[in-house]
2 protein chains.
Amino acid sequence: MQRDTAQRRAIRRALDEAGRPLGALEVLERAQRDVPGLGLATVYRNIKALVADKAVTPVELPGQPPRFESAGKDHHHHFLCAACGKLYELDGCLVELKPLLPRGFQLRAHELLLHGLCAACSK
Amino acid sequence: MQRDTAQRRAIRRALDEAGRPLGALEVLERAQRDVPGLGLATVYRNIKALVADKAVTPVELPGQPPRFESAGKDHHHHFLCAACGKLYELDGCLVELKPLLPRGFQLRAHELLLHGLCAACSK
DNA sequence: GTCGTTGCAAAGCGTTTGCAGCCTA
DNA sequence: TAGGCTGCAAACGCTTTGCAACGAC
């Protein structure tokens, strides 16, 4: 059975309050404000469990370690700024995917990542 | 200046003849048919150079090491089968992305990955 | 002969795991 | 008090790097 520990609460809180996807080390850093002795292994173990429970979604970026965001938001995609490295959330999804599928293929999910320059960096 | 070695030729050939994205170990395996003594470090070094030259494109999959495919094909995306793990190439791109962008953002590129079941696995 | 390239082994990085002690229920 | 949870350190898988030998030009 699942127990309620200070570590688990701190990790959840870090992800909930971030408002953007966080890497494992960022989660550690933020959660250590609540639980100073927190270890990185515990962060990974809990993130893994949260992802399995679908309470957290991993966000993969080419050539970078994954980041994690709280689930439960509306379907959305991300925009990675090539200059500052920040990952932005975009609203909605205009993609019409079915015509791309070969005959007999079943679509379950999709991921879309845009890159370019964010408003701040394109000046 | 860039030299013409048997290793380099074998690695290029492996990627050119594969017809699908290959992982680093798959490249090693195939290229060793031409150059038995080939080492993994050489594969990584050459792939890195080819990617820098835009002769090869890395394909990132969530939770997996990257695969690589020869560049120069038309713009396309991929479909990952959840059952057999095979990565398929899809033709074309129906995505209309500009409306997703917040004001001031500049779009440079995008990546799209579909997943589901391929024709063989959905029976 | 020069110097880019190679194979090997060691190091690096992010992540996972084994283990003994801890602490929630 | 049982057994899930934790911190630590060691192990892991993939990738990069240091180095001395090699070989293309």
Side-chain angles (χ1 to χ4, degrees), chain A residues 1-15 18 20-69 80 85 87 113, chain B residues 1-15 18 20-69 80 85 87 113:
Chain A
M1 199 223 350
Q2 178 105 328
R3 288 180 190 174
D4 177 30
T5 66
Q7 289 86 340
R8 190 157 298 167
R9 245 173 290 128
I11 289 165
R12 273 192 128 103
R13 189 177 161 210
L15 286 162
R20 63 179 180 85
L22 298 182
L25 278 169
E26 291 178 300
V27 174
L28 178 66
E29 224 172 86
R30 282 163 173 258
Q32 278 182 338
R33 294 176 200 160
D34 293 345
V35 182
L38 183 62
L40 184 54
T42 299
V43 170
Y44 278 112
R45 277 189 281 237
N46 277 286
I47 287 178
K48 202 175 182 183
L50 289 166
V51 170
D53 291 352
K54 300 197 193 305
V56 159
T57 309
V59 182
E60 306 273 345
L61 305 176
Q64 296 183 30
R67 305 177 191 188
F68 303 90
E69 66 181 356
L80 178 65
L87 189 66
L113 176 65
Chain B
M1 200 222 346
Q2 176 106 328
R3 289 178 189 174
D4 176 31
T5 66
Q7 290 85 340
R8 190 157 299 166
R9 244 174 290 127
I11 290 165
R12 273 190 128 103
R13 190 178 160 209
L15 286 162
R20 64 180 180 86
L22 298 182
L25 278 169
E26 292 178 302
V27 174
L28 177 67
E29 223 172 87
R30 282 162 174 258
Q32 278 182 338
R33 293 176 201 161
D34 293 346
V35 182
L38 183 62
L40 184 54
T42 300
V43 170
Y44 278 111
R45 277 189 281 238
N46 277 285
I47 287 177
K48 201 175 183 184
L50 289 167
V51 169
D53 290 353
K54 300 198 192 307
V56 160
T57 309
V59 182
E60 307 274 344
L61 304 176
Q64 297 183 29
R67 306 178 191 188
F68 303 90
E69 66 181 358
L80 178 65
L87 189 67
L113 176 65

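Residue numbering restarts at 1 for every chain, and letters A, B, ... go by the order of the sequence lines.
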Exercise for the section: Report yes if the side chains of Gln64(A) and Leu80(A) come closer than 4.5 Å at any heavy-atom pair, otherwise no. Expected result: yes
Problem - Under 4.0 angstrom between Lys48(A) side-chain N/O and dT17(C) OP1 or OP2 - result: yes
Practice task
Taking the side chain as every heavy atom from C-beta outward, state whether Leu38(A) and Ile11(A) have any atom pair closer than 4.5 Å.
Solution key: yes
Exercise for the section: Please report, rounded to the nearest Å, how far the P atom of dT24(C) is from the CZ atom of Arg8(A). Expected result: 12 Å
Practice task
Would you indicate, yes or no, if dG7(C) has its OP1 or OP2 atom less than 4.0 angstrom from a side-chain nitrogen or oxygen of Thr42(B)?
Solution key: yes
Practice task
Could you state the atom-to-atom distance from CD of Gln7(B) to C1' of dG4(C) in whole Å?
Solution key: 12 Å
Problem - Student check: side-chain heavy atoms of Ile47(B) and Leu22(B) closer than 4.5 Å - result: no
Handout entry: Side chain proximity check, Leu87(A) to Arg20(A), heavy atoms < 4.5 angstrom
Key = no
Practice task
Scan residues 50-67 of chain B against DNA chain D and write down, sorted by residue number, each residue with any heavy atom closer than 4.0 Å; if none is found, say none.
Solution key: Pro65(B), Pro66(B)
Exercise for the section: Find which nucleotide of DNA chain C each of Phe68(A) and Ile11(B) is nearest to by heavy atoms, and output the residue with the more 5' nucleotide. Expected result: Ile11(B)
Completion exercise
To the nearest angstrom, the CG-P distance between Leu25(B) and dT16(D) comes to 13 Å
Handout entry: Side-chain touch Asn46(A)/Val27(A), heavy atoms, less than 4.5 angstrom
Key = no
Exercise for the section: Rounded to the nearest angstrom, tell me the gap between atom CG in Leu28(A) and atom C1' in dG14(C). Expected result: 13 Å
Problem - Where Ala18(A) and Arg30(A) come nearest, the two heavy atoms and their spacing - result: CA-NH1, 3.7 Å
Exercise for the section: Return the residues of residues 31-39 of chain B meeting this criterion: a heavy atom under 4.0 Å from some atom of DNA chain C. Order them by number, or give none. Expected result: Gly37(B), Leu38(B), Gly39(B)
Exercise for the section: Report the distance from atom CG of Leu40(A) to atom P of dA9(D), rounded to the nearest whole Å. Expected result: 13 Å
Exercise for the section: Check whether any side-chain heavy atom of Arg45(A) sits under 4.5 Å from a side-chain heavy atom of Gln7(A), and report yes or no. Expected result: no
Problem - For the student: nearest non-hydrogen atoms of Glu60(A) and Gly63(B), plus distance - result: OE2-N, 3.3 Å
Handout entry: d(CG, Asn46(B); P, dT17(D)) in whole Å
Key = 15 Å
Exercise for the section: Report, as a single string ordered 5' to 3', how protein heavy atoms within less than 4.0 Å touch nucleotides 20-25 of chain D: B base, S sugar-phosphate only, - not at all. Expected result: ---BBS
Problem - No-H, no-angle donor-acceptor pair, Arg45(A) side chain to dG7(D) base, under 3.5 Å - result: yes
Handout entry: Heavy-atom side-chain proximity of Leu15(A) to Leu50(A) below 4.5 angstrom
Key = yes
Handout entry: Asp34(B) bridged to Arg13(B) by N-O distance under 4.0 Å
Key = yes
Practice task
Would you indicate whether the side-chain heavy atoms of Leu61(B) and Pro21(B) approach each other to under 4.5 Å?
Solution key: no
